[in-house]
Amino acid sequence: MEAVGLAGFVVGAGLLTTLLEHPDALLHQSIGQLPPLLRRVPLGLVMGAYIAGIIYSPWGKRSGAHINPSVTWAFYSLGKIKLRDALLYTLAQFTGAICAAQLLKVTLGRWYSHPSVNYTATMPGREVIGTELAFAAEFVISFLMMLVMLIAINSERLEKLAGLFAGLLIGIYLIVEAPFSGMSMNPARTFGSALAARQWSDWWVYFTAPPLAMLLAGAVYRRLRRGQLKGCAKLYHSKNQPCIFCEHKESPHYPVEESATA
C-alpha cells in the first residue's frame, strides 16, 4: 500500500509535468504563454487532491498513508511505529518511487528526459543561489507539514480534516515553492527520480532537510503537548478497519484539552 501510494504520486506528477511543460505537448502549447506560477496550478490541484484521496482511501486508512520515509521516521521518534515496521515502510516507499520513475522512463522515453521535464528530478531551481536556500525551503515546508498533521490527528475535532490539510499544503507547495527546491519533502521520491535521471547533484539536501525537519516537528509537538500524543501513526484513523498500530477498531482517546478540564 505504501509502495503503490508513492508510486502513484510519482507517476501522476511525472505525467502532469510532461503535459504541462514539454514543448510538444498539446496542453503546454495551449497554456505555454502563461507565467510558470499559473502553469503549476493544475499540477498543484491534481496532486493535492491525490494526496487527500490517498489518505481517505481504504488503502490509506489501512497503512496510515505515510508514503514518505520522513513521516514514517517522525512517527518512529514519537514511539508510534516499531523499528521493524519503519524499516519495511521505508523499503516499500523507496521501491514504489524507483519502480514508478523507471516506468515513466520506459514509457515516455525522450518526453520524460527532455530538459523541460528532466525526469521530474528534484533539485535547487534557477532562482536559488547555491543549495542553502533549497535546504532552508525543504526544511520549512517539511516542518510545517508534519506539525500541521500532528496537530490535526491529535485533535478529535480536526482529525477528519487531516487529509484536506495535507492536500492543501501539497498543492500550495507545488505551485509556490517548487521553483526553489523542486518541492520534494520525500527522500524516496527524490531518489527514484535521481536514479532514473542519473543525476545526483545536491541529493543530500533532500536526504537531510525533510527528515530532520519532521523529526524536529515531532519533538516540538511533544513538548507543546507535554508528551500527550495519540496512540497511532495514521493520518486518518478509520473506525471501520482494524488498526495495524494500535490494534483496535475504535477511534483513539484524545488528550483532554485544558479548556475542557478548566
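Using cut-offs of 30° and 60° for the angle between ring planes, the Trp111 and His22 rings count as parallel. Ring orientation note: the planes of Phe191 and Trp200 are tilted relative to one another, at an angle of 30° to 60°.
Tracing side-chain contacts under 4.5 Å through hydrophobic residues (I, L, V, M, F, W, Y), one never reaches Val205 starting from Val140; they form parts of separate clusters. A continuous path of ILVMFWY side-chain contacts below 4.5 Å connects Leu83 to Phe245, so both sit in one hydrophobic cluster. Following chains of ILVMFWY side-chain contacts shorter than 4.5 Å, one cannot reach Leu91 starting from Phe94, and the two form parts of different hydrophobic clusters. Leu103 and Phe9 fall into different hydrophobic clusters, where Ile, Leu, Val, Met, Phe, Trp and Tyr side chains are chained together by heavy-atom contacts under 4.5 Å. Side-chain heavy atoms closer than 4.5 Å link hydrophobic residues (I, L, V, M, F, W, Y) into clusters, and following such links, possibly through other members, connects Leu78 to Leu158.
Nearest heavy-atom pair, Leu216 versus Phe139, reported as atom, atom and distance to 0.1 Å: CD2-CZ, 3.7 Å. The minimum heavy-atom distance between Asn186 and Pro69, with the atom names listed, is OD1-CD, 3.2 Å. Shortest non-hydrogen contact noted between Leu215 and Ala74 is CD2-CA, 3.9 Å. Across all their heavy atoms, Phe180 and Ala137 have their closest contact at CB-CB, 4.3 Å. Closest non-hydrogen pair, Met149 versus Ala162, comes out as CE-O, 3.3 Å. Heavy atoms only, all atoms of each residue included: Ala100 and Val11 are closest at CB-CG2, 3.7 Å.
To the nearest 0.5 Å, atom CG of residue Asp85 and atom CZ of residue Phe75 are 13.5 Å apart. A distance of 7.0 Å separates CG of Leu15 from OG1 of Thr107, quoted to the nearest 0.5 Å. To the nearest 0.5 Å, atom CD1 of residue Ile51 and atom CG of residue Asn68 are 9.0 Å apart. In this structure, Thr18 OG1 and Leu27 CG are separated by 11.0 Å, a value rounded to the nearest 0.5 Å. The distance from the OG atom of Ser70 to the CE atom of Met146 is 9.5 Å, given to the nearest 0.5 Å. To the nearest 0.5 Å, atoms OG (Ser184) and CD (Glu138) are separated by 5.0 Å.
Between the side chain of His66 and the backbone N or O of Ala86, no donor-acceptor pair lies under 3.5 Å. Using a distance-only test at 3.5 Å, with no hydrogens or angles considered, a donor-acceptor pair links the side chain of Tyr206 to the main chain of Ser181. Looking at Ser155, its side chain never comes within 3.5 Å of a backbone N or O of Ile151 through a donor-acceptor pair. At least one donor-acceptor pair closer than 3.5 Å links the side chain of Tyr56 to the backbone N or O of Gly163. Looking at Lys234, its side chain does come within 3.5 Å of a backbone N or O of Lys61 through a donor-acceptor pair. In this structure, the side chain of His28 does not engage the main chain of Leu19 through any donor-acceptor pair within 3.5 Å. A donor-acceptor distance shorter than 3.5 angstrom exists from the side chain of Ser57 to the backbone of Gly60, with no hydrogens or angles considered.
The side-chain heavy atoms of Ile175 and Leu37, taken from C-beta on, include a pair separated by under 4.5 Å. No side-chain heavy atom of Met145 sits under 4.5 Å from any side-chain heavy atom of Pro210. Within the 4.5 Å cutoff, the side chain of Leu195 has heavy atoms near those of the Arg198 side chain.
Within the structure, the side chain to side chain donor-acceptor pair (under 3.5 Å) test picks out the following pairs touching residues 89-102 (sequence neighbours left out): Glu2-Gln93, Thr72-Gln93, Trp73-Thr90.
Counting non-hydrogen atoms of neighbouring residues, nucleotides and ligands closer than 6.0 angstrom, the OH atom of Tyr76 reaches no more than 12 such neighbours. When the shell of 6.0 Å around CH2 of Trp203 is examined, it contains 12 or fewer heavy atoms from other residues, nucleotides or ligands.
Summarising the hydrophobic clusters (Ile, Leu, Val, Met, Phe, Trp, Tyr; side-chain heavy atoms under 4.5 Å, direct or chained), the residues clustered with Leu88 are none. Cluster partners of Met1, by chain and number: Val4, Trp59. The rule joins Ile, Leu, Val, Met, Phe, Trp and Tyr whenever side-chain heavy atoms lie under 4.5 Å apart.
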Can you give me every donor-acceptor pair (side chain of residues 29-36, partner residue at least two apart or in another chain, under 3.5 Å) with its distance?
from  : atom 1 : to    : atom 2 : distance (Å)
Gln29 : NE2    : Pro23 : O      : 3.3
Ser30 : OG     : Leu26 : O      : 3.0

Could you pull out every donor-acceptor pair under 3.5 Å between side chains of residues 165-174 and any protein atom, sequence neighbours left out?
from   : atom 1 : to     : atom 2 : distance (Å)
Tyr173 : OH     : Ile141 : O      : 3.0

Which atom pairs, donor and acceptor, lie under 3.5 Å between side-chain atoms of residues 115-124 and protein residues at least two apart or in another chain?
from   : atom 1 : to     : atom 2 : distance (Å)
Ser116 : OG     : Glu21  : O      : 3.3
Ser116 : OG     : His114 : ND1    : 2.8
Asn118 : OD1    : Gln199 : NE2    : 2.8
Asn118 : ND2    : Gln199 : OE1    : 3.2
Thr120 : OG1    : Tyr112 : OH     : 3.4
Thr122 : OG1    : Thr190 : OG1    : 2.7

### Query
Can you check side chain to side chain contact (heavy atoms under 4.5 Å, CB included) on Ile153 and His237, steps first, answer last?
CA-CA 8 Å; Ile153 67 175; His237 199 289; over 6 Å; no
